[in-house]
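In what follows, a single structure is set out as structure tokens and then discussed.
Labels below follow one simple rule: chain letters A, B, ... track the order of the sequence lines, proteins then strands, and each chain is numbered from 1.
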Amino acid sequence: MQQSKICIFAVSNPFVTNITNPSPMSTIAPKYDPRAVEEKWYRFWLEKKLFHSEPDHRKAYTVVIPPPNVTGVLHMGHMLNNTIQDVLVRRARMSGRNACWVPGTDHASIATEAKVVNMLKEQGIDKRTLTREQFMEHAWQWKEEHGGIILKQLRRLGASCDWDRTAFTMDPIRYESVIQVFVDLYNKGLIYRGARMVNWDPKALTAVSDEEVIYKESHSKLFYLRYYIDGTPIAASEQNAVKENEKGSYIIVATTRPETILGDTAVCVHPDDPRYSQLKGCRVIVPAVGRSVPVIMDEYVDREFGTGALKITPAHDINDYNLGLKHQLETIDIFNDNGTLNEKGGSYAGMDRFACRKQIVKDLEEAGLIEKIEDYTNKVGHSERTDAVIEPKLSTQWFLKMTDIAGRALQVVEDDTIRFHPAKFKNTYRHWLENIKDWCISRQLWWGQRIPAYYFEHDGKTCTVVAVTREEALKQARAVSPDLADDKLQQDDDVLDTWFSSWLWPISLFDGIRHPDNEEIRYYYPTDDLITAPDIIFFWVARMIMAGEEYRGQVPFHNVYFTGIVRDKLGCKMSKSLGNSPDPIALIDRYGADGVRMGMLLTAPAGNDLPFDEAICEQGRNFSNKIWNALRLVKGWQVSDEMKQSADNATAVEWIEQRIACVLADIERDFDEYRLSEALMAAYKLIWDDFCSWYLEMIKPAYGSPVDRETYIATLTVFERLMCILHPFMPFVTEEVWHSLRERCDGATIMLQHYPHSVFFDPRTLSEFDTAKDLIAGVRNLRNSKNLPPKEPLQLTLHPTDGSCAAEGRFDGIICKLANLSALKRNADKPEGTVNFMVGTIECYIPLSSKVDTEAELKRLHDELHYAEGFLASVMKKLANEKFINGAPAQVVANERKKQADAESKIAALKNQIEAIGK
RNA sequence: GGGAGCAUAGCUCAGCUGGUUCAGAGCGCAUGCCUUACAAGCAUGAGGUCACAGGUUCGAACCCUGUUGUUCCCACCA
């Protein structure tokens, strides 16, 4: 295409240095290619340090990333979560806030240690042959080489994190913060050490917290075992539960874990159970083991379950443990840490617990000690990290007392100091906090913050001191035991639960634990929004709130946005093990980051699960392309300085400006309510429908004709504003288009433009256009149904039944253009030989050159009449009801009367038309 | 076992204080179009007993009760 040179005038827009000559369309590719664009702009943003934040006079807007595991790779959940954060951060930044989004990773004790152990194994190194220091060296090396891939991947998504602030939960500041907090809580008497029944992960060889145990339904067996009565036999009868055979009398006990009989120290029945009343004070023989154990009575037993008799294994079940304490039973621990049987297991020693179960069942069967075996479904606890079946195990661990700290954390959510989006999670949160138990914070691992507790012997007893440094601990210990040798002070071998560092994240990121009064913590804390998944509401959200209250006396954030879980089309949770999760980077390669971001956001209302279908990314990609083509159109126009702006173009510009103001009001409300998918959809429709399909078609010059400069400039301005509105959602394509619209100063970026806000708009312009739109659609519909070629101009005559459109409309010229009319007459005589349709109360007539199908027309008119009469009847019924007239608000009644009038005039018009055709 | 949520078009979801946003949106589908920005497009259209059954009200998708289905959370029933 040839492009004529057009002289350029200076304009007063401060962001514009020059208005470019409209470029020939051929220089802009017809399809948008996200790859090069995305790479270019991300590099630009980084080079200009546009994501970096320092405290200044502006109001801060702070988000801390939920730190992904340092071992992790990006999955769809991260994509969703980080897209949402980026949208909020970018919008805040454009709205004049000093936005700071702090990235980082989590050291993830169990997961990372397992990875390192595996890596060592591949190299032929057994962890047990290494010292703690050697192991840590390997682990750190691994972390430096392979850790944090995920943060690099986030850049592809467009995440505007302040990378200069990238933190790690085990870097020096965070490490020291954790230790300091431990010492502080210990000194406050909130941390204690004790022997308790804990959830033991036999694979990771560590205790885990209650929250890290996942109960899964499993199909197992219920074994009914014979416990023979020790000593004087009791005769079997109808009234008791005693059975007899040639070997003697016995009772039956049901269990799902027959291998634990090796640790049985009692059998328990309900004190009021008549079937067992004769057994009071008796002893029974544990099958296969041959040990004699007492029959005890306790109301804990459910008489309905099994046989009503329960075997008690205090070392391997939390309830049995409690009963053991109450009845002073012996505790026999039969397992090693790795889940194999120890020497207490006798001939089973060394076997794995599950192999042992099989063997012991076989042995019991052979010995005739099994009454029967039933299928049974129950819930079995598995480790969240390793999926190993959790073994309740008695061990010495560190705990944090939760009751006090939890009360305050509940309060701030109850009174909406912290808002949950959606609010339904308040219930879940409340329920957990009201039933909270002490938090087991020690882990038998090396990768993590080592517990700063030190032990020494004094007067034959083990004493404990807790201090930030070894030197300090030694000083404290010597205060008790002045002659204590340095090497007699032993540090605890365990590390802290990973969440014990994550819970400090919003504070420790700004070094607010070590230096509570530093400038950064005072400026950035409390943070604003936390975006996370509901499955870590207890692990992380609740505990951060506790830490915030404890260490800042202030909530850590004001809003928590809970994302849904990303599922596949069939509704299954996406996971690596199922192999149903698409690779996010491959998706970005295919659809562009903007396309994927839009796809994720469109299907993700807060708190709702997200049934992810790759096809929706296509919609996002298509949208990018649509915008790109709008750019091609506008930049392809020749601009004339001689032409005056037409009245129609002036109207078009006025309308689109009003329309933007109107939609912006909706978008602002959506953001206030964290309804991001709705905000994006509103922007999508504003750009695609209002701007592209309506506005650009209104002002589009005829082929070969130029557009007047005034309209052209207004269009660029509108286009820019639309790009600003969309930028938080689709950062790359908007930056590219924004730069292509006008020549920019060096370093200019859409990222720092002001986010447009809604201004007053006149609803009359909008409703006038809605009528125009209906008229245009009516004509187009007629063309479609009558098979009229779009290129053939038509004449339209309007006849208002209520005088509403008598005057010439501002949109008449636009209607003619978009409906391809040669003439638009108002209030003229009804022409002969026309087809007609109604828009509201306006009768519309179009003369047809071809023959009109009278039959079909009549049928259509009769159908419409029938509907209108039915509608009128229902309105009249309402108006005839005195209670309605008296009870309903005046506005509602008036509205019904308007409906009545409109329906009546419409009916009259339809009758006229039918009559006219009939003639 | 206890608790919470959800059920609206083929799919995913809006629908705020019961009445002018009242039955909506996007996608998909159908029909016709390669109309000089875009077929990754344009135009037009069809689609719903608002889960079911009662109740309150002049009036219910919306409030109440029950039923069914479904999802999630919590809990130590061997």
Side-chain angles (χ1 to χ4, degrees), chain A residues 1 25 28 30-32 197 215 222 253-257 260 268 300-302 304-307 309-313 317-322 376 378-379 381 392 422 424-432 435 534-535 537-538 565 569 571 591 595 602-605 607-611 613 615-616 618-637 669 673 675 677-678 681-682 684-685 692-693 696-697 700 702-704 776-777 780-785 787 789-791 820 877-878 881-889 891-896 898-899:
Chain A
M1 188 194 283
M25 215 181 294
I28 307 181
K31 286 225 185 325
Y32 174 66
M197 191 64 95
Y215 287 89
L222 193 54
V253 176
T255 179
T256 52
R257 299 197 57 193
T260 61
C268 188
Y300 165 75
V301 176
D302 176 359
E304 306 303 315
F305 190 90
T307 61
L310 170 66
K311 68 186 217 47
I312 306 295
T313 320
D317 183 281
I318 179 70
N319 304 301
D320 293 10
Y321 174 69
N322 291 332
Y376 184 65
N378 63 346
K379 300 255 177 119
K424 67 177 177 186
F425 287 109
K426 273 171 89 168
N427 291 327
T428 314
Y429 182 82
R430 181 188 314 116
H431 187 261
W432 186 70
N435 298 285
D535 52 353
I537 186 170
F538 308 133
I565 293 166
K569 274 188 270 188
Y591 302 103
L602 275 186
T603 37
N608 270 35
D609 281 1
L610 181 132
D613 185 346
I616 202 136
E618 215 171 290
Q619 196 183 345
R621 179 200 60 179
N622 294 354
F623 187 37
S624 302
N625 196 48
K626 183 72 185 178
I627 295 167
W628 184 250
N629 274 290
L631 174 73
R632 288 181 68 218
L633 174 68
V634 173
K635 296 305 284 184
W637 286 338
R669 202 181 48 238
E673 294 167 12
R675 306 194 317 185
S677 59
E678 302 224 358
M681 182 51 73
Y684 173 77
K685 287 194 280 191
C692 293
S693 297
L696 289 179
E697 292 298 331
K700 191 166 155 183
Y703 179 62
I776 294 164
R780 285 171 173 173
N781 182 12
L782 191 79
R783 280 185 197 275
N784 248 20
S785 60
N787 261 322
K791 282 181 177 169
N820 191 20
K877 194 177 157 194
K878 252 190 204 175
N881 186 337
E882 251 181 65
K883 285 182 180 168
F884 171 72
I885 301 292
N886 298 331
Q891 182 58 44
V892 173
V893 176
N895 188 48
E896 287 300 312
K898 169 99 168 60
K899 278 188 195 167

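A close approach under 4.0 Å does not occur between any side-chain nitrogen or oxygen of A:K878 and OP1 or OP2 of B:G19. Taking 4.0 angstrom as the limit, A:N781 places a side-chain polar atom (N or O) nearer than this to OP1 or OP2 of B:G45. Phosphate contact (OP1/OP2 of B:C27, side-chain N/O of A:Y684, threshold under 4.0 Å): present.
Note on A:S693: only backbone sugar-phosphate atoms sit closer than 4.0 angstrom, heavy atoms only; bases stay farther off. Residue contacts for A:K700: at a heavy-atom cut-off of 4.0 Å it reaches a base atom on one of the strands shown. Counting non-hydrogen atoms under 4.0 angstrom, A:R780 reaches the backbone sugars and phosphates but no base.
With values rounded to the nearest 0.5 angstrom, A:L696 atom CG is found 5.0 Å from A:W637 atom CH2. Put simply, CG on A:N881 and CD1 on A:I885 are 7.5 Å apart, with the number rounded to the nearest 0.5 Å. Atom NZ of residue A:K626 and atom CZ of residue A:R621 lie 14.5 Å apart, to the nearest 0.5 angstrom. Rounding to the nearest 0.5 angstrom, the gap separating the OH atom in A:Y321 from the CD1 atom in A:I312 is 14.5 Å. Atom-to-atom distance recorded for A:Y300:OH and A:N319:CG is 3.5 Å, nearest 0.5 angstrom.
Take the nearest nucleotide of RNA chain B for A:N784 and for A:K685: the residue whose nucleotide is more 5' is A:K685.
Annotated as syn: B:G47, whose O4'-C1'-N torsion sits within 90° of 0.
The gap from the C1' atom of B:C38 to that of B:C33 amounts to 15 Å, rounded to the nearest Å. Distance noted for atom P between B:G45 and B:C62: 30 Å (whole Å). Atom C1' of B:G5 sits at a distance of 23 Å from the matching atom of B:A9, rounded to the whole Å. Atom P of B:A39 sits at a distance of 31 Å from the matching atom of B:G47, rounded to the whole Å. Nucleotides B:C27 and B:U35 have their C1' atoms positioned 26 Å apart, rounded to a whole Å. Between B:C63 and B:G10, the two P atoms lie 24 Å apart (nearest whole Å). B:C34 and B:G41 have their C1' atoms separated by 9 Å, given to the nearest Å. Using atom P as the reference point in both B:U70 and B:U65, the two lie 23 Å apart (nearest Å).
B:U35 atom C1' lies 14 Å from atom OH of A:Y703, rounded to whole Å. Rounded to an integer number of Å, the gap from CZ of A:R621 to P of B:C27 is 14 Å. Note: NZ (A:K899) to P (B:G59) measures 16 Å, nearest angstrom. Separating the CD1 atom of A:I627 from the P atom of B:A40 is a distance of 17 Å, rounded to the nearest angstrom. For A:L602 and B:A25, the CG to P distance is 16 Å, given to the nearest whole Å. In this structure, A:R632 atom CZ and B:A40 atom P are separated by 14 Å, rounded to whole Å.
Comparing B:G45, B:C42, B:C27 by their nearest atom to the side chain of A:Q619 picks out B:C27. The side chain of A:M681 approaches B:G26 more closely than any other nucleotide in the set B:C38, B:G26, B:A4. Proximity note for A:N625 (side chain, C-beta onward) versus B:U44, B:A4, B:C38: the nearest is B:C38. Comparing atom distances between the A:E678 side chain and each of B:A37, B:A14, B:C16 picks out B:A14 as nearest.
With a cut-off of 3.5 Å on both pairing distances, B:U17 has no Watson-Crick or G-U wobble partner at all. Nucleotide B:G1 has B:C74 as its partner under the Watson-Crick or G-U criteria, with both atom distances under 3.5 Å. Searching all strands for a Watson-Crick or G-U wobble partner of B:G54 with both distances below 3.5 Å returns B:C64. Look at B:C6: its Watson-Crick or wobble partner, with both distances under 3.5 angstrom, is B:G69. Pairing for B:U12 goes to B:A25, judged as Watson-Crick or G-U wobble with the two contacts each under 3.5 Å. Across the strands present, B:C38 finds no partner; the criterion is a Watson-Crick or G-U wobble pair with both atom distances under 3.5 angstrom. Taking a pair to require two hydrogen-bonding distances under 3.5 Å in either a Watson-Crick or a G-U wobble arrangement, B:U44 pairs with B:A30.
Remark: the A:E697 side chain and the B:A43 base include no donor-acceptor N/O pair separated by less than 3.5 Å.
Put simply, the residue from A:T255, A:D317, A:D320 that forms a side-chain contact (heavy atoms from CB on, under 4.5 Å) with A:K311 is A:T255. When the options A:V301, A:D302, A:V253 are evaluated for a side-chain contact (heavy atoms from CB on, under 4.5 Å) with A:L310, the one that passes is A:V301.
In this pair, A:F884 does not lay its aromatic ring on the base of B:C58; centres under 5.5 Å and planes under 30 degrees do not both hold.
Ring planes of A:W628 and A:Y32: tilted class, angle from 30 to 60°.
The closest side-chain donor-acceptor pair between A:T428 and A:K426, if any, does not fall under 3.5 angstrom.
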Footprint string (nucleotides 69-78 of chain B, 5' to 3'): B base within contact, S backbone only, - free, heavy atoms under 4.0 Å: ---SSSBBBB
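Between A:R780 and A:N820, the closest side-chain pair of non-hydrogen atoms is not below 4.5 Å.
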